[in-house]
Amino acid sequence: MNEQQANAETGVDAAAYDFQAIQDRWLPVWDEMKPFEVANDLSDQRPKKYVLDMFPYPSGDLHMGHAEAFCFGDVLARYWRGRGYDVLHPIGWDSFGLPAENAAIKRGIDPREWTYANIDQQKSSFRLYAPSFDWSRVLHTSDPEYYKWNQWLFLKMYEKGLAYRKASWVNWDPVDQTVLANEQVLSDGTSERSGAMVVKKKLTQWYFRITDYADRLLDDLDQLEGQWPTKVLNMQRNWIGRSQGAEVEFEIEGRDAKVPVFTTRPDTLHGATFMVVAPDSDLAAELAASSSPEVREAFEAYLTATQKQSEIDRQNADREKTGVFLDHFAINPVNGERIPVWASDYVLADYGHGAIMAVPAHDQRDLDFALKFELPVRVVVEVRDEDGAVLEDPAVSGVATAGNGVLVNSEELNGLGKVEAIAKAIEVLEARGTGRAAKTYRLRDWLISRQRYWGTPIPILHGAEESNEGEMRPVAHEELPVRLPASEGLDLKPKGSSPLGAATEWSNVTDAEGQAWTRDPDTMDTFVDSSWYFLRFLSANDDTQAFDPKLVNAWGPIDQYAGGVEHAILHLLYSRFITKVLHDLGYLDFEEPFSALLNQGMVLQDGAKMSKSKGNLVEFASELKAHGADALRVTLAFAGPPEDDIDWADVSVQGSAKFLARAWRVAGDVASEPGVDFAAGDQGLRRHTHKLLADAPTLVENYKFNVVVARLMDQVNVTRKAIDAGAGAADPAVRESAEAIAMILSLFAPYTAEDMWSKLGHEATVALAVWPSADESLLVEDEVTLIVQVDGKVRDRLTLPASVSEADAEAAARASQSVQRAIGDRQIVNVIVRVPKIVSIATKP
RNA sequence: CCCCCUAUAGCCCAACCGGCAGAGGCAACCGACUUAAAAUCGGUACAGUCUGGGUUCGAAUCCCAGUAGGGGGACCA
């Protein structure tokens with residue numbers, strides 16, 4: 001009986017796939033079962049997998065980007081369950097942050113109201129979308145129960161000297177009226193959040209000393225090779241930006257303390273003909289202050305001009321060099337030479353020591369500067385071109401020679417190559433006590449204080465009377481959390497200082513001794529909140545500690561993390577840093593938080609990023625309503641490799657729905673009973689099923705979800721044929737195939753798979769059914785097709801036993817009529833035999 | 001300017017260690033069912049792998065050079 005006949009006889013109802021009815025049938029069952037809740041007692045003997053999606057920010061309802069990210073994370077979580085693992089797959093909300101505050105200001109409401117309403121909305125959308133979350137461990141970073149431990153973390157950092165305050169030039173967002181971390185400033189100089197052009201301000205702010213961990217953060221990336229996308233590893237390496245070289249101390253005439261400079265080329269010290277300091281450095285200000293009024297005036301004007309520049313102008317490497325002479329001289333420690341000290345904005349105050357030795361002959365920037373201000377250029381490395389000719393003097397050519405060469409004009413270094421000269425120069429400096437080998441980094445300390453309301457209050461008290469002026473005191477652990485005061489009556493509008501400062505009742509504290517203090521008015525960067533949340537999930541409801549080290553070490557590190565590449569250097573770097581700190585504090589056994597990382601692409605519309613302003617938004621909610629969760633999830637998984645962007649114009653949700661209906665009907669057609677002996681089934685179909693069972697795990701583990709879905713489509717097609725035109729609906733192999741389809745399909749389409757599972761006579765839930773392993777004996781082929789090539793062209797295909805010997809294969813190939821025709825009267829010069837695949841014959845005339 | 005990734009049918013994408021270029025889907029076309037359409041079912045057709053070299057018996061796959069698109073970094077001493 002074929003499908004049409006079945007339709008005619010049983011009526012439309014029984015044969016029609018109705019996603020809405022299927023969703024309505026299973027949601028209440030799952031709600032009741034809570035199949036994905038994980039016990040906290042470690043009693044489960046199955047091996048463990050911790051699978052985590054980057055938690056969402058509650059900026060409204062879920063959107064397509066969420067649908068994609070959570071689809072992929074869920075595929076992996078469900079996969080490991082199917083493989084017999086105890087899987088932890090929690091969910092929470094990253095619910096502090098500026099959007100809530102800005103929305104609250106715009107609507108005149110409390111940020112809490114907006115935040116928690118959005119969380120509720122997202123929760124109910126998630127329920128329908130059906131990721132396999134453990135809903136018993138939900139956390140929201142804006143709950144006092146969570147941020148209490150965020151404050152605990154801050155105090156731990158403070159105790160270890162890893163949290164500190166300093167005055168420095170910082171990135172200031174003039175729209176949001178708050179400081180930003182370096183990581184939050186995009187390469188075009190705009191704010192990651194508001195899009196405003198970031199300006200520099202000198203402010204006293206809180207920092208986490210991430211630079212102390214720079215070497216480990218860089219070196220440990222090697223452990224993640226192959227487990228994290230290469231792109232992310234490279235981005236982090238670039239961001240940390242370690243340079244090796246030397247620190248060299250220069251004396252400055254009329255100044256007691258020596259000035260250290262960092263250089264990667266200590267071999268060129270004899271070619272240093274001037275020194276340059278950053279105009280916004282303390283040293284520049286000091287040197288200018290002790291100069292003539294004219295010099296001082298020129299410097300002040302230059303400093304002002306420098307600070308007016310936009311980030312874009314400043315980053316343009318092609319622009320003309322500018323600077324002022326500070327009327328001071330430094331002494332070159334290797335040759336006692338007196339060299340002038342200039343201030344120029346091509347030297348950065350916060351990199352190295354904010355001062356450089358300029359070697360114009362061998363550094364293009366220094367050369368540009370030297371030529372502009374007519375400073376001497378001295379060649380100390382003789383560099384040759386490919387033909388062995390000495391390159392022209394940079395002073396004439398205008399091109400600095402930065403390559404390898406032989407040292408000249410450099411006393412003891414003369415005749416050495418670049419590498420040896422660097423080593424020797426460091427040796428000489430160390431012997432004289434005027435320098436040493438040194439490293440420096442592009443990475444800066446993490447600025448974590450923000451002048452906004454909706455975040456974790458920094459648990460520090462500042463002295464508020466004469467007797468304790470300038471003192472800082474951490475809030476005692478037992479007094480945590482320092483709760484956010486109600487927003488009522490506070491002006492949340494950005495104005496450059498934290499709104500919390502105005503909450504005087506909250507801010508003013510008198511201690512047991514009667515001393516007056518005021519609370520630190522700033523809140524923490526929300527990236528602090530998200531830098532350790534994955535630890536909290538293990539004991540999300542524990543009010544005695546931030547996380548339970550026993551549980552964390554049993555489950556951690558996270559086996560599979562999934563999220564967007566936009567966090568390549570923000571969240572992922574901070575999390576790695578905090579994990580290492582907590583390891584050093586003795587809480588964690590591991591030093592890297594995320595063993596494997598999947599970065600999904602973006603969902604686009606006609607090649608453009610979806611956005612409200614562009615009006616090309618494909619709404620998650622409406623797609624969910626129109627096609628159902630399963631069709632949406634299958635569409636996302638099938639669209640292509642998960643790392644690639646998905647253009648919504650290229651996909652077909654209807655096509656996915658059609659496939660689901662076909663799969664579902666196969667299950668409905670199965671006519672054998674559960675438990676039937678599969679061994680008696682059709683061998684051809686069984687081979688096909690077991691090939692799928694054998695291949696699916698590798699495919700899923702390599703994130704080839706699109707291929708798995710394609711293989712499922714193929715399996716459904718083959719099974720349909722077996723039912724209609726082959727073994728028939730009662731053949732045990734048809735049941736075996738349908739059950740395999742239901743189990744594997746459950747990764748992508750949990751509702752449809754559950755309904756199939758039920759039709760096949762099994763109890764819910766298919767999500768906890770462990771996949772059967774493939775039967776090896778069904779995977780070996782008896783006969784194979786052997787290809788015969790003559791001079792690289794396929795000339796025949798021979799059907800031979802799979803166990804054919806090399807000699808037999810070659811003989812069969814030579815015996816082939818079409819092969820002989822192809823060879824003709826040419827002479828055979830080589831025969832390559834690779835059984836059971838190919839015989840390749842090479843000839844010549 | 002430097003670094004990384006990608007390029008296969010009209011479109012989205014598969015192809016293990018180098019071994020028959022095609023798994024799957026979309027769109028198209030033909031047929032079945034239907035009064036008709038939709039849905040469903042069956043079938044058909046469509047590329048030689050961005051370009052140019054090289055290695056090899058054999059290259060989509062490895063190497064070199066280039067083109068196009070995407071991403072990252074960039075006055076970092």
Side-chain angles (χ1 to χ4, degrees), chain A residues 2-5 7-8 12 15-17 187 229-239 241-243 245 261-265 268 276 314-319 321 344-348 350-359 363-366 368-369 440-444 565 568-569 601 607 634-635 638-641 643-647 649-652 654-656 658-659 661-662 665 695 698 702 704 706-717 720-721 724-725 785-794 796-797 828-834 837-843:
Chain A
N2 67 27
E3 250 184 309
Q4 293 121 271
Q5 287 162 337
N7 287 359
V12 175
Y17 171 81
S187 55
T230 312
K231 181 181 167 182
V232 175
L233 295 175
N234 283 337
M235 282 170 74
Q236 292 217 356
R237 288 190 179 110
N238 271 335
W239 188 260
R242 179 164 61 198
S243 299
V261 304
F262 176 79
T263 176
T264 52
R265 294 292 303 276
T268 63
V276 186
R314 209 187 58 73
Q315 284 184 357
N316 180 4
D318 298 333
R319 82 204 157 94
K321 292 280 181 287
S344 173
D345 61 5
Y346 82 92
V347 173
L348 309 176
D350 54 358
Y351 184 80
H353 298 283
I356 62 156
M357 63 177 215
V359 184
D363 181 288
Q364 192 60 48
R365 295 155 297 177
D366 296 344
D368 293 343
F369 193 86
T440 190
Y441 306 89
R442 212 188 79 95
L443 181 72
R444 308 294 151 80
V565 73
I569 41 183
V634 167
T635 302
F638 185 57
E643 302 86 351
D644 289 6
D645 290 344
I646 298 172
D647 194 326
D650 293 333
V651 303
S652 165
Q654 285 90 342
S656 303
K658 198 166 97 181
F659 156 65
R662 279 168 62 80
R665 279 195 303 270
D695 293 347
T698 321
N702 289 300
K704 293 179 181 265
N706 54 328
V707 183
V708 180
V709 174
R711 292 290 298 274
L712 281 169
M713 290 171 168
D714 182 38
Q715 187 70 25
V716 168
N717 291 344
R720 179 82 261 156
K721 278 201 181 81
D724 291 347
T785 303
L786 179 123
I787 305 305
V788 187
Q789 292 184 345
V790 179
D791 294 323
K793 288 201 177 65
V794 177
D796 204 357
R797 289 149 221 259
I828 296 177
V829 291
N830 197 4
V831 180
I832 309 281
V833 185
R834 293 278 182 275
K837 284 195 160 171
I838 199 163
V839 172
S840 181
I841 300 171
T843 70

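If you're wondering where the values come from, they're calculated on a predicted model, not measured in any experiment. FYI, side chains are in, hydrogens and waters are out, and symmetry mates aren't considered; it's all heavy atoms of this structure. Below, chain A is the first sequence line, B the second, and so on; all start at residue 1.
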G-U wobble or Watson-Crick pairing nucleotide for [N] (cut-off 3.5 Å, both distances):
| N | result |
| --- | --- |
| B/rC50 | B/rG66 |
| B/rA15 | none |
| B/rG58 | none |
| B/rU35 | none |
| B/rC1 | B/rG73 |

From the list [options], which nucleotide is the closest neighbour of the side chain of [X]?
| X | options | result |
| --- | --- | --- |
| A/Asn234 | B/rA77, B/rC4, B/rG25 | B/rC4 |
| A/Arg365 | B/rC41, B/rG72, B/rA77 | B/rA77 |
| A/Phe262 | B/rC75, B/rA77, B/rG73 | B/rA77 |
| A/Gln789 | B/rC20, B/rC11, B/rC26 | B/rC20 |
| A/Asn830 | B/rG19, B/rC13, B/rC57 | B/rC57 |
| A/Ile832 | B/rC13, B/rG19, B/rG72 | B/rG19 |
| A/Lys704 | B/rG19, B/rC75, B/rA15 | B/rA15 |

Does A/Asn717 reach the side chain of A/Arg662, with side-chain heavy atoms less than 4.5 Å apart? yes
Using a heavy-atom cut-off of under 4.0 Å over every strand shown, decide if [X] touches base, sugar-phosphate, or nothing.
| X | answer |
| --- | --- |
| A/Val709 | nothing |
| A/Pro229 | nothing |
| A/Asn717 | sugar-phosphate |
| A/Arg834 | base |

Base of [N] paired with side chain of [X] (donor-acceptor, under 3.5 Å):
| X | N | result |
| --- | --- | --- |
| A/Lys837 | B/rC20 | no |
| A/Ser840 | B/rC57 | yes |
| A/Arg444 | B/rC76 | yes |

Rounding to an integer number of angstrom, what distance separates B/rC62 and B/rC17 when you compare their C1' atoms? 12 Å
For the P atoms, the ones on B/rC76 and on B/rG71, what distance do you get once it is rounded to whole angstrom? 24 Å
Length of the [atom1]-[atom2] vector between [X] and [N], whole Å:
| X | N | atom1 | atom2 | result |
| --- | --- | --- | --- | --- |
| A/Gln715 | B/rG25 | CD | P | 13 Å |
| A/Phe638 | B/rG25 | CZ | C1' | 4 Å |
| A/Asp363 | B/rC1 | CG | P | 19 Å |
| A/Phe369 | B/rA77 | CZ | P | 19 Å |
| A/Leu786 | B/rC20 | CG | P | 11 Å |

Residue-phosphate contact under 4.0 Å: [X] side-chain N/O, [N] OP1/OP2:
| X | N | answer |
| --- | --- | --- |
| A/Lys658 | B/rC26 | yes |
| A/Asn706 | B/rA14 | yes |
| A/Ser243 | B/rA77 | yes |

Nearest nucleotide by nearest heavy atom, which residue falls closer to the 5' end of RNA chain B, A/Ala639 or A/Lys721? A/Ala639
